[in-house]
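Input: a single structure, listed below in structure tokens.
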Amino acid sequence: MTTGVDVLIIGAGAAGMMCAIEAAKRGRSVVLIDHANKAGKKILMSGGGRCNFTNLDVQPAHFLSHNPHFARSALSRYSQWDFIAKVNLHGIEYHEKDLGQLFCDHSAKDIQQMLLSELAQEGVDLLLETSVLSVAKLDDHFAISTTAGVFSAVSCVVACGGLSIPTLGASDFGFKLAQQFGHTLLSHRASLVPFTWNTKDKPLWSALSGLATRARVRALEGTQFELDLLITHRGLSGPAMLQISNYWQEGEALTIDWLPSMDVAQQLAADRHEQGKKQFKSWLSALLPARLAELFCQQWPHQKTLAELSKADVLYWSEQLNHWQFVPGGTEGYRTAEVTLGGVDTHDISSKTMVSKLVPGLYFIGEVLDVTGWLGGYNFQWAWSSAWAAGQDC
Ligand code: FDA
């Protein structure tokens, strides 16, 4: 027996739930399918359990895509202010952490429950632990075979997300479906992800595990972030490293400035006049966390005062402290990555409605598309905005 519906959405994550609510508000009959046992699992895990659900400052420049203009329309039609209004309407308490990032005061569950209650209110049929077996386009509708039966849908929305954290239900189903219908899948990789040590740095640096400091990290193409950095036994993590991972290419070096508010060469030139008799090592210890200063000093077998530093010494320390070169062994991959960078090419998708330009009635929303935000609530905002746009049309 085939069940006829207006809209069938595959993936009950952030984007799928939002789109289902919007389509149902327009009077469409909506079935929302997920193979996981809960809707919005990533929402629950996000922001350390508090969900960084959006950002006060959302600009197209906070998103990466092969088409940098693609996200503009959806982000302006359903902005952070619209989502904040929804959160306010539900009486959810939240706060700005820093850099405009909004987090729930209590729990990420507040956001998941808000969406679940709206789904129920709008009469969306949510089918969990249901797998999609095949999707075919027949004239003016889609025939979608699932483990819960066969559906005939006028619109089919692909909201399957990316590949990050397979244990939360991530799969390549959305990518495969896109390719099945003639869409181009652009190269993709784990991003907003910690880096791992290369074999040369690991023995020395992993001993500093647990150390956090402010640093400026620059990618070869020029983008840089001055944020907290965390040394772990596996590699380098923390907001600075997660942000730069969006801009890093395999094999490239990252430049780390351990003293971002100081030009080391200039400061040494000034201080050798004022404090010439000071031991260089005590000068350095006053500037860096103790264990980090110690590690740098271990690699420099000299006992010199500031006045005794040669030009070569000053150059060496300027390079070590302001321009330290780190060639990651790699990243921790999809196991811990927050997002997939890359995905379904937006070239063949309408930026206004998210509908496929190749297959009428087929929509792609959220992370499955080649739109990736910075760390800081931007990826959820993209999920809300793209889903809202599709929800007005499907
Ligand atoms: P999402 O991944 O949310 O949903 C896809 C859904 O499709 C899942 O429910 C999955 O089970 C389902 N699915 C997949 N394959 C399927 C199949 N074959 N059949 C049926 N269902 C299928 N972002 C942010 O802005 N602020 C934050 O605080 C965080 N924090 C964060 C923490 C962690 C640990 C992670 C992993 C990610 C974040 N993110 C984030 C990123 C954010 O979670 C992500 O960008 C959005 O959830 C993307 O929303 P989507 O709905 O597109 O995919």
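Just so you know, ligand 1 is whichever comes first in the structure, and atom 1 is the first atom listed for that ligand.
When atom types are taken as modelled, the side chain of Arg50 and the backbone of His106 share a donor-acceptor pair closer than 3.5 angstrom. Without hydrogens or angle criteria, Asn52 side chain to Gly377 main chain gives a donor-acceptor distance under 3.5 Å. Side-chain N or O atoms of Lys42 include none that pairs as donor or acceptor with a backbone N or O of Glu338 at under 3.5 Å.
Listed by number with element, the atoms of ligand 1 under 4.0 angstrom from any heavy atom of Asn379 are 23 (N), 25 (O), 45 (O). Counting the atoms of ligand 1 from 1 in the order shown, those under 4.0 Å from a heavy atom of Gly169 are 10 (C), 11 (O), 13 (N), 14 (C), 15 (N). The ligand atoms of ligand 1 that sit less than 4.0 angstrom from a heavy atom of Gly366 are 52 (O). Residue Gly11 has at least one heavy-atom neighbour below 4.0 Å for each of these atoms of ligand 1: 6 (C), 7 (O), 12 (C).
Only the backbone of Ala337 comes within 4.0 Å of ligand 1, judged by heavy-atom distances. Counting heavy atoms under 4.0 Å from ligand 1, residue Ile165 touches it through the side chain alone. Within the 4.0 Å heavy-atom criterion, the part of Tyr378 lying near ligand 1 is the backbone and not the side chain. Using a 4.0 Å cut-off between heavy atoms, Phe380 contacts ligand 1 through both its backbone and its side chain. Counting heavy atoms closer than 4.0 Å to ligand 1, residue Ala159 contributes backbone atoms (N, CA, C, O) but none from C-beta onward.
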Fill in: Phe280 and Trp317: CA distance, side-chain angles, deciding distance, ring pair (Phe, Tyr, Trp, His ring centres under 6.0 Å) verdict
CA-CA 10 Å; Phe280 172 76; Trp317 282 110; 4.7 Å; yes
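Counting heavy atoms from C-beta on, the side chains of His323 and Asp257 never come closer than 4.5 Å.
Tyr378 and His62 have parallel rings, their planes meeting at less than 30° on a 0 to 90° scale where 60° marks the start of perpendicular.
Closest protein heavy atom to atom 26 (N) of ligand 1: Asn52 O, 2.9 Å. The closest protein non-hydrogen atom to atom 37 (C) of ligand 1 is Glu338 O, 3.2 Å. For atom 53 (O) of ligand 1, the nearest protein heavy atom (residue, atom name, distance) is Gly161 CA, 3.4 Å.
Looking at Leu242, Asp201, Thr196, Ile231 one by one, the single match for side chain to side chain contact (heavy atoms under 4.5 Å, CB included) with Leu236 turns out to be Ile231.
At a 3.5 angstrom cut-off on N or O pairs, Gly162 does not count as close to ligand 1. Considering both main-chain and side-chain atoms, Ala14 comes within under 3.5 Å of ligand 1 through a nitrogen or oxygen pair.
For the atom pair CZ (Phe142) and CG (Leu362), the distance works out to 4.5 Å, reported to the nearest 0.5 Å.
Geometrically, Lys97 engages Phe103 in a cation-pi contact, judged by NZ or CZ lying under 6.0 Å from the ring centre and within 45° of the ring axis.
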